[in-house]
Amino acid sequence: MKINKNYLNLEASYLFSTIANKVKAYSEANPGKHIIKLGIGDVTLPLCKDVVIAMERAVLEMGVQDTFRGYGPEQGYDFLKTPIKEYYSKHNVSLDIDEIFISDGAKSDLGNILDLFDTDNTVLVQDPVYPVYVDTNIMAGRKIKYLNSNAENGFLPLPTENDKADIIYLCSPNNPTGAVYNKEQLKQWVDFALENNSIILFDAAYECFISDETLPRSIFEIEGAKKCAIEFCSFSKTAGFTGTRCGYTVVPKDLVYEDTMINKLWLRRQTTKFNGVPYIVQKGAAAIFTENGQKEIMENINYYKENAKIITDALDKLGIWYTGGTNSPYIWLKCPNGMKSWEFFDYLLNNVQIVGTPGSGFGENGEGYFRLTSFGSRENTIEAMDRLLKHSLANV
């Protein structure tokens, strides 16, 4: 028996586990201190009323013989896939219902989709990067290339001849930087993928935070993208499903490599390795797309957007450089006075009891940067920024 030794090439600890351990140690040493967490991108507002009502009804259905349901379709029920299809139509994207696959979240599918691709494929990720893109490919033993994402290119790098790869990860709005590609920039990536016979894995988990109507919410708004891209989306941040778990992946039927339709491969993979998202959860997710459901979740999204404005207003007053916060729930700031990322983490924790995410945890180019999220409560967000404004950073 041999283990997969690629796992030994992973970092010993996941970024957010390290943060949790540091916060726990500080709390034990300083009981009674109110620590405000603006680091991990978990939501704080509860599920919308329409979602809860739909799930309650579904629970009752499961207790009655005539409406009880066992195994459902692995790719999801049509009662959820149909409103997703209609949602895309509102953004001028036409999809077939069997191009939509319901999942338990974008994170799972971003890793699982790699089952379809040879381990000899080269992967291109941006640095800084969401760790899951890197770790899942290290687990498979793939070669990974890093593309410099930095302040000079607005954390929105574009492809060059040196960036050729088989699998390309893009995330817009970006985690961790909050930067958002416009249509012209995404067109360059699509053209690059088509020219080099590459595939783009497009993470659109934060599309609902885009306020600027000129910015694309889906890569499929770009001509040619259906021939070179798969899109991953989640209800975690859209509707607070971080603990409920539901999302979807769009695999176009026009996506063909080596004379093989990727849509069929993904269907085969899912029917073998995945039993589908629970009926009760999918019923709740479908309620998101009702008229009242859309109104309710937009209230929540606007709440988080206002939190982001509170954060960016404070950073403006402090003269701290940042990206994000406008079309994204993330604010990516430059650590003051040349501090390193973990230095600034420790400084904030020890001096103002605020927890964020060190940029270096997202890659080498993240060193010297720091990520804050707008997913906290209004009270905590206001208090955290008041603490920052009252505490002089001039002598950091």
Side-chain angles (χ1 to χ4, degrees), residues 75-103 105-106 109-110 113 116 156 168-175 179-194 198-239 241 246-257 261-267 270 277 282 285-291 293-295 297-298 301 327-328:
Q75 63 272 32
Y77 288 99
D78 283 357
F79 65 71
L80 175 54
K81 294 167 69 173
T82 298
I84 292 173
K85 179 179 183 294
E86 292 168 352
Y87 179 77
Y88 272 84
S89 294
K90 292 177 182 178
H91 299 291
N92 300 314
V93 175
S94 176
L95 297 176
D96 291 341
I97 199 166
D98 53 356
E99 293 179 315
I100 301 166
F101 296 80
I102 307 303
S103 72
D109 276 7
L110 280 161
I113 200 77
L116 308 188
L156 293 169
I168 300 169
Y169 283 86
L170 296 179
C171 179
S172 181
N174 187 269
N175 179 14
V180 186
Y181 279 112
N182 62 35
K183 290 184 178 179
E184 292 73 23
Q185 291 166 327
L186 275 188
K187 185 69 167 71
Q188 290 189 48
W189 277 110
V190 168
D191 290 346
F192 180 78
L194 290 171
S198 306
I199 190 167
I200 295 173
L201 303 183
F202 189 78
D203 187 347
Y206 305 98
E207 56 86 19
C208 60
F209 286 88
I210 294 177
S211 303
D212 186 341
E213 293 183 0
T214 67
L215 296 174
R217 287 175 171 241
S218 166
I219 196 168
F220 299 125
E221 294 179 47
I222 310 303
E223 184 181 357
K226 286 186 178 181
K227 294 182 180 296
C228 66
I230 297 174
E231 183 161 291
F232 306 82
C233 208
S234 169
F235 299 125
S236 289
K237 310 305 171 13
T238 304
F241 273 55
C246 193
Y248 57 89
T249 295
V250 179
V251 186
K253 287 185 280 191
D254 287 346
L255 200 61
V256 177
Y257 294 87
M261 189 184 293
I262 302 300
N263 180 283
K264 288 185 176 180
L265 288 187
W266 184 237
L267 176 63
Q270 292 297 81
V277 176
Q282 291 192 57
I288 294 168
F289 295 98
T290 64
E291 183 178 350
Q294 283 289 295
K295 179 183 176 183
I297 66 165
M298 281 311 303
I301 290 168
N327 295 292
S328 166

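The structure presented is a predicted model; accordingly, all values stated were derived computationally and were not measured. Hydrogens, waters and symmetry mates are skipped; everything else that's a heavy atom, side chains included, is used.
- For the atom pair K187 NZ and F192 CZ, the distance stands at 14.0 Å (nearest 0.5 Å).
- Judged purely by atom type and a 3.5 angstrom limit, N263 uses its side chain to pair as donor or acceptor with the backbone of D98.
- Applying the 6.0 Å contact sphere to NZ of K264 captures no more than 12 heavy atoms from other residues, nucleotides or ligands.
- The shortest heavy-atom contact between P252 and E99 is CA-OE2, 3.3 Å.
- Here D212 pairs with T214, L215, N327 under the side chain to side chain contact (heavy atoms under 4.5 Å, CB included) rule; sequence neighbours left out.
- Looking at Q294, its side chain does come within 3.5 Å of a backbone N or O of I288 through a donor-acceptor pair.
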_T82 vs I97, test: side chain to side chain contact (heavy atoms under 4.5 Å, CB included). Steps then yes/no._
CA-CA 7 Å; T82 298; I97 199 166; 3.3 Å; yes

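- A distance of 10.5 Å separates SG in C233 from OH in Y206, rounded to the nearest 0.5 Å.
- In terms of heavy-atom proximity, L265 sits nearest to L116 at O-CD2, 3.8 Å.
- Side-chain atoms of Q75 do not come within 3.5 Å of backbone N or O of L267 as any donor-acceptor pair.
- Legend: residues meeting side chain to side chain donor-acceptor pair (under 3.5 Å) with N182, ordered by chain and number and at least two apart, are absent.
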*Step-by-step side chain to side chain contact (heavy atoms under 4.5 Å, CB included) determination, I102 to Y77*: CA-CA 8 Å; I102 307 303; Y77 288 99; over 6 Å; no

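- When the side chain to side chain donor-acceptor pair (under 3.5 Å) test is applied to D78, no partner is found at least two apart in sequence or on another chain.
- Here the side chains of M261 and L255 are not in contact, with every heavy-atom distance at 4.5 Å or above.
- Annotation: ring pair (Phe, Tyr, Trp, His ring centres under 6.0 Å) contacts of F220 (sequence neighbours excluded): none.
- Closest approach of Q282 to G76, counting heavy atoms only: OE1-CA, 3.6 Å.
- Judged purely by atom type and a 3.5 angstrom limit, S89 uses its side chain to pair as donor or acceptor with the backbone of K85.
- For F202, there are no ring pair (Phe, Tyr, Trp, His ring centres under 6.0 Å) partners, not counting sequence neighbours.
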Show me the donor-acceptor pairs, under 3.5 Å and distance only, between side chains in residues 221-228 and residues at least two apart or in other chains.
unit_1: E221; atom_1: OE2; unit_2: R217; atom_2: N; d: 2.8
unit_1: E221; atom_1: OE2; unit_2: S218; atom_2: N; d: 3.1
unit_1: K226; atom_1: NZ; unit_2: S94; atom_2: O; d: 2.3

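- Contacts classified as salt bridge (Lys or Arg N to Asp or Glu O under 4.0 Å) and involving residues 228-238 (residues at least two apart or in different chains) are not found.
- With sequence neighbours left out, S211 forms a side chain to side chain donor-acceptor pair (under 3.5 Å) with K305.
- Closest heavy-atom contact between I219 and I200: CD1-CG2, 3.9 Å.
- Qualifying side chain to side chain donor-acceptor pair (under 3.5 Å) partners for Y181, counting only residues two or more places apart in sequence or in other chains: Q126, W189.
- F232 is listed as a side-chain neighbour of I113, based on a closest heavy-atom distance under 4.5 Å.
- Taking CD1 of I100 as the start and CG of L80 as the end, the distance is 8.5 Å to the nearest 0.5 Å.
- Checking side-chain atoms of S172 against main-chain N and O of N174 turns up no donor-acceptor pair under 3.5 Å.
- Shown here are the ring pair (Phe, Tyr, Trp, His ring centres under 6.0 Å) partners of Y248, two or more places apart in sequence or in another chain: F235.
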_side chain to side chain contact (heavy atoms under 4.5 Å, CB included) between L186 and L170, intermediate numbers included_ = CA-CA 9 Å; L186 275 188; L170 296 179; 4.1 Å; yes

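- Residues meeting the side chain to side chain contact (heavy atoms under 4.5 Å, CB included) test with S103, sequence neighbours left out: D109.
- In this structure, CD1 on I199 lies 4.0 Å from CD1 on I230, to the nearest 0.5 angstrom.
- For Y169, the ring pair (Phe, Tyr, Trp, His ring centres under 6.0 Å) criterion is met by Y133, not counting sequence neighbours.
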*Between I210 and V180, does a side chain to side chain contact (heavy atoms under 4.5 Å, CB included) hold up when you go through it step by step?*
CA-CA 8 Å; I210 294 177; V180 186; 4.1 Å; yes

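- Here CD1 of I84 is found 10.5 Å from CZ of F79. Values are rounded to the nearest 0.5 Å.
- Listed for the T238 side chain is a donor-acceptor partner under 3.5 Å among the backbone atoms of S234.
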